S.K.: 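Before anything else, here's the structure in question.
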Amino acid sequence: MTGTPVIGVLALQGDVREHLTALASAGAEARAVRRPEELAGVDGLVLPGGESTTMSKLAVLFGMMEPLRARVAAGMPVYGTCAGMILLADRILDPRSGQETVKGIDMIVRRNAFGRQNESFEAAVDVTSVPGGPVEGVFIRAPWVESVGAGVEVLAEHGGHVVAVRQDNALATSFHPELTGDHRVHGLFADMVRAVG
Ligand SMILES: NC(=O)CC[C@H](N)C(=O)O
């Protein structure tokens with residue numbers, strides 16, 4: 001791709017603004033995406049943290065679930081943090097009834113695996129493909145990855161659990177790099193978008 005990649009942030013619910021800022025720092029043109037027409041105009045998409053059950057209900061309500069599935073299946077680069085990681089999982093171990101996902105990564109995730117809101121924590125996490133030392137991971141009611149299929153690359157673990165993965169065009173982290181001033185994970189994602197373009 002020549003020029004600046006246009007990267008959207010799904011803006012139905014969650015920490016949208018922080019991702020827009022992080023993407024802009026990583027050299028992308030960042031836009032909030034709420035409607036199918038807006039999705040059509042981006043080269044890549046971030047699914048933010050928030051509440052995966054609410055986000056999936058809103059995606060269905062706003063007519064976004066099918067367009068999201070279609071673009072991800074067609075190879076659009078996508079990056080999910082926390083609730084966004086849950087939305088990218090082909091399977092949730094403990095879904096709320098009727099909870100749907102966009103799918104894209106052959107993995108099973110466990111929601112709220114690291115505990116409740118008041119058990120949130122920060123930890124240094126070494127992420128393969130992110131040079132320059134560990135990133136500061138912010139874990140807020142974070143999921144972990146229970147198991148992955150053969151095509152999934154594990155990029156990071158914390159406490160013996162998988163917390164960052166990549167499969168082809170899709171990247172996911174249990175933690176929230178957008179809440180720190182360190183935008184190297186968004187930089188990795190912006191490079192994935194440039195590589196496809
Ligand atoms: N910080 C987060 O995104 C929390 C995710 C939330 N536990 C969920 O299941 O969606």
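In each ligand, atom 1 is the first atom listed, and ligand 1 is the first ligand listed. These numbers come from a predicted model, not from an experiment.
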S.K.: With side-chain hydrogen bond (donor to acceptor under 3.5 Å, both in side chains) as the test, would you mind laying out the steps for His19 and Thr81 before giving the verdict?
M.R.: CA-CA 10 Å; His19 277 291; Thr81 59; 3.1 Å; yes
S.K.: Between the side chain of Asn169 and the main-chain N/O of Met76, is any donor-acceptor distance below 3.5 Å?
M.R.: yes
S.K.: Return the residue, atom name and 0.1 Å-rounded distance of the protein heavy atom closest to atom 7 (N) of ligand 1.
M.R.: Asn112 OD1, 2.5 Å
S.K.: What part of Met55, side chain, backbone, both or neither, has a heavy atom within less than 4.0 angstrom of ligand 1?
M.R.: neither
S.K.: Of Gly50, Ala142, Gly49, Ala83, which has the heavy atom at the shortest distance from atom 4 (C) of ligand 1?
M.R.: Gly50
S.K.: Are any of the N/O atoms on His176, whether in the backbone or the side chain, positioned under 3.5 angstrom from an N/O atom of ligand 1?
M.R.: yes
S.K.: At what distance, to the nearest 0.5 angstrom, does CG of Leu12 lie from CG of Leu87?
M.R.: 9.5 Å
S.K.: Check this for me, if you would: do Glu119 and Arg116 make a salt bridge, where the nitrogen-to-carboxylate-oxygen distance has to be below 4.0 angstrom?
M.R.: no
S.K.: Nearest non-hydrogen atom to atom 10 (O) of ligand 1 belongs to which of Ser56, Cys82, Ser52, Gly14?
M.R.: Ser52
S.K.: Phe114 vs His161 aromatic rings, parallel, tilted or perpendicular, using cut-offs 30° and 60°?
M.R.: perpendicular
S.K.: Determine the interplanar angle of the Phe139 and Phe121 rings, folded into 0 to 90°, and report it as parallel if under 30°, tilted if 30 to 60°, perpendicular if over 60°.
M.R.: parallel
S.K.: Taking only heavy atoms of Glu51, which atoms of ligand 1 are found under 4.0 Å from at least one of them?
M.R.: 6 (C), 8 (C), 9 (O), 10 (O)
S.K.: Side chain, backbone, both or neither: which part of Ile86 has a heavy atom under 4.0 Å from ligand 1?
M.R.: side chain
